[in-house]
Amino acid sequence: MDSSHMTSLPEDITDDQPPQPASVFASVPQRPPTKSSSEKYAPLDWSSYFDKEDDVAIPESNDVFHVYMAGTEGPVVFCLHGGGYSGLSFSVSAGIIKEKARVVAMDLRGHGKSVTDNDFDLSVETLCNDVLAVIKELYGDSPPAIILVGHSMGGSIAVHVAAKRLLSTLAGLIVVDVVEGTAMASLIHMQQILSNRMHHFSSIEKAIEWSVRAGTLRNIDSARVSVPATLKYDDSKKCYVYRTELEKTEQYWKGWYEGLSDKFLSSPVPKLLLLAGTDRLDKSLTIGQMQGKFQMIVVRHTGHAIQEDVPDEFATLVVNFISRNQIGPNGVVVWFCPHNKNILALF
């Protein structure tokens with residue numbers, strides 16, 4: 001057989017004859033190496049977003065509440081997280097908001113690094129008193145202008161704190177993805193939802209990965225900084241478990257949401273309701289919205305934790321709320337005419 005018709009073997013290829021690819025796929029550029037699961041879901045430190053952390057001891061008690069703080073100027077955006085979360089739920093958004101305002105995010109009783117005599121007392125009254133006590137310890141009798149921001153359970157507590165009218169410098173109220181009607185209707189399913197979630201994790205990375213893959217959180221960076229604070233290591237089980245045992249607090253759930261709509265509407269400060277979907281507004285809220293008593297924005301492409309899933313958009317909405325309502329470090333900005341001292345604007 002004529003050798004000219006034989007297929008060249010690799011060792012037959014000469015220097016002046018370019019090698020041919022072994023297959024049509026050989027010329028496709030290789031994928032960049034992918035991160036391992038442990039790298040992709042590795043914890044991130046809060047200090048990338050907040051400026052400092054502190055413990056606030058409440059006088060005449062053994063309660064110590066952990067807070068994260070950011071920013072040096074403007075009003076204080078005081079953040080209250082949802083049940084089972086922690087103050088670090090607001091980390092990524094705080095890193096943006098702090099350019100325009102101060103941010104304080106506390107770990108509520110039974111959550112994060114806060115330590116109290118009774119971590120299971122998550123009653124509305126107790127949680128409201130905790131928030132007011134922390135604000136008093138931080139700022140004394142002359143607090144700066146405060147915008148209360150609350151997510152889910154924290155949204156309920158923010159509304160109840162506002163309704164007490166004990167915070168003289170309250171300048172705004174932002175409630176994140178909680179509506180009385182929907183919340184009350186969902187309570188009968190909560191124990192089942194809690195029991196269906198993963199309860200034991202071999203590592204913090206696995207817990208972060210589960211929260212993202214299960215859809216609880218949709219932003220990996222936010223999950224990497226917030227999830228570790230929701231866990232504790234169980235020596236007996238040799239694994240990580242949830243810091244907060246929400247299933248043991250069922251007796252307080254109804255109190256978080258009952259009468260929430262009317263309390264929200266009665267608060268005499270500018271109000272913003274952020275929803276993750278076209279939620280059901282009850283009769284009171286529907287009428288209140290038609291009367292212009294509050295602003296409502298539906299945030300698309302996000303889950304329940306809006307502040308975590310779309311932190312950039314959330315931060316922009318908070319900053320715009322402050323600007324729209326002209327809230328300065330000492331309250332609503334008031335303009336005076338220098339000649340006749342008449343008030344020109346108070347919004």
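Count residues from 1 along the sequence.
- In this model, a donor atom of one side chain and an acceptor atom of the other lie less than 3.5 Å apart for Asp45 and Ser47.
- Rounded to the nearest 0.5 angstrom, Gln191 CD and Leu246 CG are separated by 9.5 Å.
- Side-chain contact between Ile287 and Gln291 is present, with heavy atoms from C-beta onward closer than 4.5 Å.
- Other members of a hydrophobic cluster containing Val241 are absent, since no ILVMFWY side chain comes under 4.5 Å of it, directly or through relayed contacts.
- Atom CE in Met106 sits 12.0 Å away from atom CE in Met69 (nearest 0.5 Å).
- Through chains of ILVMFWY side-chain contacts below 4.5 Å, Phe201 is grouped with Tyr41, Tyr85, Met198, Ile204, Ile208, Trp210, Val212, Leu217, Ile220, Val227, Leu231, Tyr233, Tyr240, Tyr242.
- Residues Thr116 and Asn118 bring no donor and acceptor atom of their side chains to less than 3.5 Å of each other.
- In plain terms, the two heavy atoms of Val178 and Ser152 that are nearest each other are CG1-O, 3.7 Å.
- His304 and His151 have their aromatic ring centers within a separation under 6.0 angstrom.
- Val124 is not listed as a side-chain neighbour of Tyr252, based on a closest heavy-atom distance of 4.5 Å or more.
- With sequence neighbours excluded, the residues forming a side-chain contact (heavy atoms from CB on, under 4.5 Å) with Lys263 are Val159, His160, Ala163, listed by chain and number.
- Among the candidates Thr316, Leu274, Leu272, the single residue satisfying the side chain to side chain contact (heavy atoms under 4.5 Å, CB included) test with Phe321 is Leu272.
- Atom OG of Ser267 sits about 5.0 Å away from atom CG of Leu173, to the nearest 0.5 Å.
- Annotation: side-chain hydrogen bond (donor to acceptor under 3.5 Å, both in side chains) contacts involving residues 132-143, sequence neighbours excluded, comprise Lys136-Asp141.
- Looking at heavy atoms from C-beta onward, Val299 lies out of side-chain contact with Leu275 at the 4.5 angstrom threshold.
- Side-chain contact between Leu260 and Glu258 is absent, with no heavy atoms from C-beta onward closer than 4.5 Å.
- By the salt bridge (charged side-chain N to carboxylate O under 4.0 Å, His left out) test, Arg243 pairs with Asp119, sequence neighbours left out.
- Proximity of Val103 to Phe78: side-chain heavy atoms (C-beta onward) are nowhere separated by under 4.5 Å.
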TODO: Assess whether salt bridge (Lys or Arg N to Asp or Glu O under 4.0 Å) is satisfied between Lys98 and Asp51, documenting all intermediate values.
DONE: CA-CA 9 Å; Lys98 71 179 183 181; Asp51 299 331; 3.0 Å; yes
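- No side-chain donor from either of Ser195 and Glu247 sits under 3.5 Å from a side-chain acceptor of the other.
- Remark: Asp117 pairs with Asn62, Asp63 by the side-chain contact (heavy atoms from CB on, under 4.5 Å) rule, at least two apart or across chains.
- Grouping Ile, Leu, Val, Met, Phe, Trp and Tyr by side-chain contacts under 4.5 Å, direct or through others, leaves Val115 on its own.
- For the salt bridge (charged side-chain N to carboxylate O under 4.0 Å, His left out) test, no residue two or more places apart in sequence or in another chain qualifies with Asp309.
- Contact annotation: the side chain of Phe90 approaches that of Val149 to within less than 4.5 Å [non-hydrogen atoms, C-beta and beyond].
- Annotation for Leu88 and Ala229: closest pair CD1-CB, 3.9 Å, computed over non-hydrogen atoms.
- Counting heavy atoms from C-beta outward, Lys206 and His200 have side chains that stay 4.5 Å or more apart.
- If you check the side chains of Gln307 and Ser93, you find no donor sitting under 3.5 Å from an acceptor.
- Taking CD of Gln289 as the reference point, atom NZ of Lys271 lies at 12.5 Å (rounded to 0.5 Å).
- With rounding to the nearest 0.5 angstrom, the OG1 atom of Thr72 is 8.0 Å from the CZ atom of Arg102.
- A 6.0 Å sphere centred on CD of Glu73 holds no more than 12 heavy atoms belonging to other residues, nucleotides or ligands.
- If you take CE on Met184 and CG on Asp282, they are separated by 11.0 Å, rounding to the nearest 0.5 Å.
- Glu250 pairs by the salt bridge (charged side-chain N to carboxylate O under 4.0 Å, His left out) definition with nothing, not counting sequence neighbours.
- For residues 53-62, the salt bridge (Lys or Arg N to Asp or Glu O under 4.0 Å) pairs, not counting sequence neighbours, are Glu53-Lys113.
- Scanning for salt bridge (charged side-chain N to carboxylate O under 4.0 Å, His left out) contacts around Arg213 gives Glu209, with sequence neighbours left out.
- Screening residues 149-167 for salt bridge (Lys or Arg N to Asp or Glu O under 4.0 Å), with sequence neighbours left out, gives Glu125-Lys164.
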